[in-house]
Protein chains: 2
Amino acid sequence: MESGRARPTIKAVAAVAGVSTAAVSQAFNNKGRLSEATRRRILDAAMDLGWSPSAPAAALRSARTRTLALVVRRPTDVLGADPHFSELITGIEGELAPRGYGLLLHLVTDVDEESTLYERLAAEGRVDGAVLTDARTDDPRPALLTRLGLPAVMLGAPDPDAAVPGVGLGHQGAGVGEVVDHLLGLGHRRIAYVAGPAELQHTRLRRRRFEDGLRAAGHRPFAVLHTDFSEGAAIAATEALLAAADPPTAIVYANDSMAVCGIGTAQRSGLRVPADVSVVGYDNLPIGRWLHPRLTTVDQQVQQVGAAAARLLLARCGEDAGDARLDGRPRLVARDSTGPAPH
Amino acid sequence: MESGRARPTIKAVAAVAGVSTAAVSQAFNNKGRLSEATRRRILDAAMDLGWSPSAPAAALRSARTRTLALVVRRPTDVLGADPHFSELITGIEGELAPRGYGLLLHLVTDVDEESTLYERLAAEGRVDGAVLTDARTDDPRPALLTRLGLPAVMLGAPDPDAAVPGVGLGHQGAGVGEVVDHLLGLGHRRIAYVAGPAELQHTRLRRRRFEDGLRAAGHRPFAVLHTDFSEGAAIAATEALLAAADPPTAIVYANDSMAVCGIGTAQRSGLRVPADVSVVGYDNLPIGRWLHPRLTTVDQQVQQVGAAAARLLLARCGEDAGDARLDGRPRLVARDSTGPAPH
DNA sequence: CCTCCTCGGTATATCGATTAACCAATCCGT
DNA sequence: ACGGATTGGTTAATCGATATACCGAGGAGG
């Protein structure tokens, strides 16, 4: 009951190619000095045998696993980061795959669990680096990761003197400026903002952009409400806003999921979107395109951010990863959930 | 510029505990025979030093990586599997984490890429097993994986004589029966089904359930349309159905994303949901709860399926993984997008 | 013609655990 | 009190690659 022949080792390849195992290793790692002819011969032999270097063996000897970690905090019942998730991974994987790197994914529920997880990953030498998501204010993770000697990048505003470089969201909230202009241009003056949890960094950034944008045009926010990204909070915030004596004509939400809740809530209370109230989201989830009305939102190009983060992290792991720069910035996607202000 | 002391090895722990390295290994793997006292002493020493066994070293020697692979096919621009994704991973991770297993995630675009990826993962010895998603008709992967000697489980109908056991969807489509009964009970008689791509296994299963359910009650499907899960196809199918001389009063979609498209399409053409046409989805995506109208759908409990798949795979990897049985079955979640048939 | 360098490789120690084989005490039944 | 288990460990080989040090053969330079 042999389940196929045992996997070939580097020795078999060396034998077939008529060289030493060291030569085989060098051929695969582009190190040492080999003539082009023998390099070819070795590669062909390996191909014939279907051999690839054993990842554990290589990792043990070279102390490099060619694996990166992505830890996602997934608090129960939250409308937040989840959908990014898939796009983010797409962006990251797009950079890892061609270089033969793997992505080790972990889910945790809170920040303590996340920390002990990093400690274990580092102690076990399972990964070469980590992508940190959801930058918080006073985030403990950069210090932890540097203590552990694990290269990392943070998805969030690059903080010049942070222990860990940030990626992509330096212009975070930039799209919110466009949103404000868009709404002002449509004649809206009473504009409310439904924000996320205060401890998330992007919450602060977007909120400030919102307030600054209005102020620059000589207006003031109708209101700014914080939520925990839960369905209930989104609905409650929307109801509170709409119940005001002189309710807002436009509501901007910190993400698309809450915006969808908001549209549903408005519609259920008999209002038309956008005739009575305009709604704007943030994230550009695919679903926004299929809704009625189609959701106006901000595309923050998570996929590119993920790719840039991966490139930066690879570079920090000593890989030659091209340009770590991020191309693209958040941009308004105007669709049907926004329209001229009533009256 | 020392970035902390080098990581401790098993030798250091052995020295501190005053035993041999073999004893340390045994203490961590619950093998061999050690007195409870020394076991404690070793564990304490390890804790003090912050030591965990090096994953690469352990993997090399024991030929077990304690890592499983999940490969997700992510065709561009598809409304399909994506959202499962996050829930599926949650379910899998919930079983892996407590056992110290990791999940290696890869994204591919087509089935060939997926195959060569498995070959590389096997050749490199990077994983102990794999979770296969999206069972297809005449799926080449079970044969491939067995040839590679890589344990695997398939998310899909358990096929008794398949090379790879299936998980969770033996009752796949079971929820569709409930859907049909629900709609019939509401007085609908002209019921259409918008299916997924024919090459996916669950498409066939659900379609059959749909047709059988109607037939059992003495009715016939209004129509069954196949799509490729794209937005365009979902919209086109919906428009075609609604343009019929005597259009259906209810449309059942193979997933929630298409159902949302369908609702949007119907609403844009001036129809009310559910007053003029009822809509049913499949998946129970969170978003369905926030929409207006709230989406009637089928909860197939992807998370439990993921967990069961993980348990089964762990068992096939020689782990003691408890019961691989799946608790829970797909169930109808009746909400507001379905209502009494018009007239 | 001798020396020195470069080219193209090879021999071997090593990464850090696991595991099979082995062994010294202690225990137990008769 | 003695032979055979049992307990509680140890010794040493090994997993499969990588990397450092080394080495022989030509070629160049003087």
Side-chain angles (χ1 to χ4, degrees), chain A residues 5-43 45-46 49-67 100 120-126 128 318, chain B residues 5-43 45-46 49-67 100 120-126 128 318:
Chain A
R5 196 165 6 280
R7 291 209 313 267
T9 77
I10 196 174
K11 270 186 199 161
V13 179
V16 168
V19 295
S20 71
T21 63
V24 177
S25 174
Q26 290 171 26
F28 266 75
N29 297 293
N30 287 319
K31 299 201 169 176
R33 296 163 306 182
L34 293 182
S35 72
E36 196 46 44
T38 44
R39 190 180 298 274
R40 270 254 83 74
R41 198 152 34 86
I42 292 171
L43 262 31
L49 294 174
W51 178 82
S52 297
S54 150
L60 174 58
R61 182 65 239 246
S62 68
R64 320 206 44 234
T65 59
R66 303 179 75 82
T67 303
R120 224 198 56 207
L121 290 175
E124 296 186 348
R126 259 182 187 267
D128 294 341
Chain B
R5 192 165 11 280
R7 292 209 312 266
T9 77
I10 196 174
K11 271 187 198 160
V13 179
V16 169
V19 295
S20 69
T21 63
V24 178
S25 174
Q26 291 170 28
F28 266 74
N29 296 293
N30 287 317
K31 299 201 170 179
R33 297 161 305 184
L34 293 182
S35 72
E36 196 47 43
T38 45
R39 188 179 299 274
R40 270 253 84 73
R41 198 150 34 85
I42 292 172
L43 262 30
L49 294 174
W51 178 82
S52 298
S54 151
L60 174 57
R61 181 63 239 245
S62 66
R64 319 207 42 235
T65 59
R66 302 179 76 83
T67 304
R120 223 198 56 208
L121 290 176
E124 296 186 348
R126 259 182 186 269
D128 294 341

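Side chains are part of it too, since the values below use all heavy atoms of this structure and drop only hydrogens, waters and symmetry mates.
- The nearest pair of heavy atoms linking B:Leu43 to B:Ala27 is CD1-CB, 4.1 Å.
- With sequence neighbours excluded, no residue satisfies side chain to side chain donor-acceptor pair (under 3.5 Å) with A:Ser54.
- Of all nucleotides in DNA chain C, those with any atom nearer than 4.0 Å to a heavy atom of chain B start and finish, going 5' to 3', at C:dG16 to C:dT19.
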Fill in: Step-by-step side chain to side chain contact (heavy atoms under 4.5 Å, CB included) determination, A:Thr67 to B:Thr67
CA-CA 12 Å; A:Thr67 303; B:Thr67 304; over 6 Å; no
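- For A:Ala55 against B:Arg126, the heavy-atom pair with the smallest separation is CB-CG, 3.6 Å.
- Here the CG-CZ distance, from A:Leu60 to B:Arg61, works out to 12.5 Å after rounding to the nearest 0.5 Å.
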Report all interatomic pairs (protein N or O, nucleotide N or O of nucleotides 7-12 of chain D) with separations under 3.5 Å.
| residue | atom | partner | partner atom | Å |
| --- | --- | --- | --- | --- |
| D:dG8 | N7 | B:Arg33 | NE | 3.3 |
| D:dG8 | N7 | B:Arg33 | NH2 | 3.1 |
| D:dG8 | O6 | B:Arg33 | NH2 | 2.5 |
| D:dG9 | OP2 | B:Ser35 | N | 3.0 |
| D:dG9 | OP2 | B:Ser35 | OG | 2.5 |
| D:dG9 | OP2 | B:Thr38 | OG1 | 2.7 |
| D:dT10 | OP1 | B:Ser20 | N | 3.3 |
| D:dT10 | OP2 | B:Ser20 | N | 3.1 |
| D:dT10 | OP2 | B:Ser20 | OG | 2.6 |

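- For A:Lys11 and D:dT18, the NZ to P distance is 14 Å, given to the nearest whole Å.
- Listed by first and then second residue, the side-chain hydrogen bond (donor to acceptor under 3.5 Å, both in side chains) pairs involving residues 9-26 of chain B are B:Ser25-B:Asn29 (not counting sequence neighbours).
- Every residue meeting the side chain to side chain donor-acceptor pair (under 3.5 Å) condition with B:Arg39, not counting sequence neighbours, appears here in chain and number order: B:Asn30.
- In terms of heavy atoms, A:Trp51 sits closest to A:Ile10 at NE1-N, 3.4 Å.
- Residues meeting the salt bridge (Lys or Arg N to Asp or Glu O under 4.0 Å) test with A:Arg64, sequence neighbours left out: A:Glu319.
- Considering only residues two or more places apart in sequence or on other chains, B:Arg120 meets the salt bridge (Lys or Arg N to Asp or Glu O under 4.0 Å) condition with B:Glu124.
- Comparing the axis of the opening five pairs of the helix from C:dC1-D:dG30 to C:dT30-D:dA1 with that of the closing five pairs yields an angle of 40°, rounded to 10°.
- For A:Ala12, the side-chain contact (heavy atoms from CB on, under 4.5 Å) partners are A:Pro8, A:Leu49, not counting sequence neighbours.
- Between A:Ala45 and A:Ala17, the closest heavy-atom pair is CB-CB, 4.0 Å.
- Of the residues in residues 49-64 of chain B, those lying under 4.0 Å from DNA chain D by heavy-atom distance are B:Leu60, B:Arg61.
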